[in-house]
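Only heavy atoms go into these numbers, but all of them, side chains included; no hydrogens, no water, no symmetry mates. Reminder, nothing fancy here: chain letters follow the sequence lines and each chain counts from 1.
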Amino acid sequence: MTQKKTPDFEQAARRAEALRSEIAQHNHRYYVLDAPVVSDAEYDRLMNELIGIEQAHPDLVTPESPTQRVGAQPLAAFGSLRHTVPMRSLGNAFDPEDIQAFDKRVSDLLAGAGMLAPGGQVEYVAELKFDGLAVSLRYEQGRLTRAATRGDGQTGEDITSNIRTLRSVPLKLIGRYPDVLEVRGEVLMNRADFERLNQAQQARGEKVFVNPRNAAAGSLRQLDPRITATRPLRFFAYGWGEIRLVNRGQVELFLQEAGDADMPCDTHAGMLEWFESLGLPVSAERKVVRGADGMLGFYAAVGAGRAGLPFDIDGVVYKVNELAAQEVLGYVARAPRYAIAHKFPAQEETTLLLGIDVQVGRTGAITPVARLKPVFVGGVTVTNATLHNDDEIRRKDVRIGDTVVVRRAGDVIPEIVGPVLELRPPDAALFVMPSHCPVCGSAIERPEDEAISRCTGGLFCAAQRKQSLTHAAGRKALDIEGLGEKLVDQLVESGRVKSIADLFTLTAEEVAAYDRMGRKSAENLVAALEAARKPPLGRLLYALGIRHVGESTARDLALRFGSIEAVMAADEAALLQVNDVGPVVAGSILRFFAEQHNRDVVEALSRAGVHAVPPEAPSGNNQRLAGRTLVLTGTMPNWTRDEATRHILAAGGKVSGSVSKKTAYVVAGEDAGSKLAKAQELGVPVLDEQGLKALLDMAD
DNA sequence: CGTCCTCGAGTTCC
DNA sequence: CTCGAGGACG
């Protein structure tokens, strides 16, 4: 084989060029238009063919070849790059009033400049505000030459070789591109890709990322572009810095002369379309709107569809559409006057972890609780967050003094997501589980195979005594209204109340003597106690707080045994007959009633006039739900969850908390959550309140 | 013995 | 709501 095969070489060159253009087109279709026309396998085949040709003819390799995305060697450090046009930040708005004020300011200024007819409405482009990293890409003669992070707005880090690995970023523009184009946009990661990346990181024992934003930032700040190449990063263009247009090859024009006939467009919306025609990815979630109402409408629509987006956003952005109008409005300090960011209430914030205290639960469970520097997140101020247990703290690697990310996800309960390691002070302290209960001084033990540490003090521990009283007074137990935490504290500390039974000997006079208790509330409490003297047996059993006996098991025990004496007399074999009672639960019940002080409480309750009502045998008429399990989710228009539960139980059905194949129906109300999705996934029939009533033959 | 289902327990803020 | 773990079932 000789090398002098000119026709061969030319054929290879043509083929290589054709392949590059085809691969670039597929990239464009896949990453920009989101409409691929070839399979991954076919794409790989094209790529492999190109690699083959380039290996045979190294002269044919060009910097824009898709094989060269990961060409550069690892860097020792990032260089810095100065932005020719600064990357500015935007003013922030949080309320509708802020937006109305913004619209008024813009309208007044434009009307003053004669650019808006009296009473006319300003046109804006509304876009998403991505929760990623702002970057600037510089194209010269259509070729990607430089890429930089935002940095301080004047100077950023040179991340050119990392940006080149993003397949959604074209290495070469298509169509009628200008001499120089600086594109501003955002690099981000889809939530699903972020989850997958973290799983892989964990499996390899490498550090996991706190959120998609941090993952994107970490990926972009890799000194080795080969690592960046493996990370699923996306890019969206939304603005520009320097633009140099060539007018018949001679005259240089800058954006500051927008409105000039040689600009390819005279609106922001037109500019975004132009970007698309150059092969740059632009988010389709954008809209031209008019006035404050138009902006707020977009905000509401995006807010409603937010969970359905594949990536995180922290709000929306409005920009005056006319470029000439933007120019008139100009800048104030560092932010443009023609644009504003309308932020969603943050769902994640960072704050300082001041300390970790422990709480003692009803069963003695010791729960570490994070004390946080108060932080406003998702509409409320958060100061505490549970850390669950030792393992959890170690898994998340949070230390006292850390700056931590706090989240209030879909639900209400705040959660510590993880520490921001870059901000960890050198003296950050590890949490140490105390060896003795902070309340009663008893030893804290953690069984070999369990995650929870427990105070061994039992009811000797004031904390456990208080918690068990609160539990017994709860809505699902004896339902004693007016017995709040403050009063329980006082009753226990004064020694007046040692067990549930003592509650029923309280008089209004006595209660009124305690702090913050008026005559009236004391009487209300005594009345509530009176009403609680005839609880259904299941509720009384639940109120006792036997380990592993919850609401549902207590009800099953009541159904089988009919009286508390019968439960106390039952042996293991008898207990095992009950639904959901196995050796562990049976052992727990036997041990509970073997304790003399627990038998004493039952006895004292009876003397205080508390007599449980045996459960009615299921009434024969209307047992249409017998043996069926239903799951409730969301808020129903008329019934509360408890009411619906009662009706279902009365019809012989069961209510469970989780959806599975065995679930007969899911009853979904307003704001139904993940359970509805699960039901649809498993093909479980879904009812609304009307449907449930029809099922119960109670339709109104 | 393994897998799936369900129950229990703990939790924040207003 | 979510996690962990006990129980039921194949």
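- A close approach under 4.0 Å does not occur between any side-chain nitrogen or oxygen of A:K662 and OP1 or OP2 of C:dA8.
- Put simply, A:T386 has no side-chain N or O that comes within less than 4.0 Å of OP1 or OP2 on B:dG10.
- In this structure, A:Y299 and A:H342 have parallel ring planes: the angle between them is below the 30° cut-off, well short of the 60° mark.
- Of the candidate nucleotides C:dG7, B:dC5, B:dC13, C:dG7 has the atom nearest to the side chain of A:D580.
- Ranking B:dC7, C:dG7, B:dT12 by closeness to the A:K654 side chain, first place goes to B:dC7.
- In this structure, A:L483 CG and A:L529 CG are separated by 7.5 Å, a value rounded to the nearest 0.5 Å.
- In this structure, A:L575 atom CG and C:dG7 atom C1' are separated by 15 Å, rounded to whole Å.
- Separating the CG atom of A:N389 from the P atom of B:dA9 is a distance of 16 Å, rounded to the nearest angstrom.
- For A:H548, counting side-chain heavy atoms from C-beta on, the closest listed nucleotide (B:dT12, C:dG6, B:dC7) is C:dG6.
- For the pair A:H388 NE2 and C:dC1 P, the computed distance is 15 Å after rounding to whole Å.
- In this structure, A:R362 reaches the B:dA9 phosphate: one of its side-chain N or O atoms is under 4.0 Å from OP1 or OP2.
- Taking OG of A:S435 as the start and CZ of A:R446 as the end, the distance is 15.0 Å to the nearest 0.5 Å.
- Using a 4.0 Å cut-off, some side-chain N or O of A:Q359 falls inside it from OP1 or OP2 of B:dT11.
- Phosphate proximity of B:dC7 to A:S656: present, with a side-chain N or O under 4.0 Å from OP1 or OP2.
- The side chain of A:R547 approaches B:dA9 more closely than any other nucleotide in the set B:dA9, B:dC13, B:dG10.
- Close to B:dT11, at under 4.0 Å from its OP1 or OP2, lies a side-chain N or O of A:T367.
- When the side-chain nitrogen and oxygen atoms of A:S660 are compared with OP1 and OP2 of B:dT6, one or more of them lie within a distance under 4.0 Å.
- Comparing B:dG10, B:dC7, C:dG6 by their nearest atom to the side chain of A:T363 picks out B:dG10.
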> Are A:D502 and A:R496 close enough, and set up right, to give a salt bridge (Lys or Arg N to Asp or Glu O under 4.0 Å), and what steps lead you there?
Replying inline: CA-CA 8 Å; A:D502 296 333; A:R496 171 65 182 80; 5.2 Å; no
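- Look at NZ on A:K661: it is 11 Å from P on C:dG10, rounded to the nearest Å.
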> Checking side chain to side chain contact (heavy atoms under 4.5 Å, CB included) for the pair A:V420/A:V404: CA distance, chi angles, key distance, verdict?
Replying inline: CA-CA 6 Å; A:V420 183; A:V404 292; over 6 Å; no
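- With rounding to whole Å, A:D357 atom CG is found 12 Å from B:dT12 atom P.
- The CG-C1' distance, from A:N579 to C:dA8, rounds to 10 Å in whole Å.
- Counting heavy atoms from C-beta on, the side chains of A:I356 and A:L387 come closer than 4.5 Å.
- Spacing between atom CG of A:D390 and atom C1' of C:dC3 amounts to 16 Å, rounded to whole angstrom units.
- Taking side-chain N and O atoms only, A:N384 has a distance below 4.0 Å to OP1 or OP2 of B:dC13.
- Look at A:T383 and you'll find a side-chain N or O under 4.0 angstrom from OP1 or OP2 of B:dC13.
- One atom, CD1 of A:I546, and another, C1' of B:dG8, lie 13 Å apart when rounded to the nearest Å.
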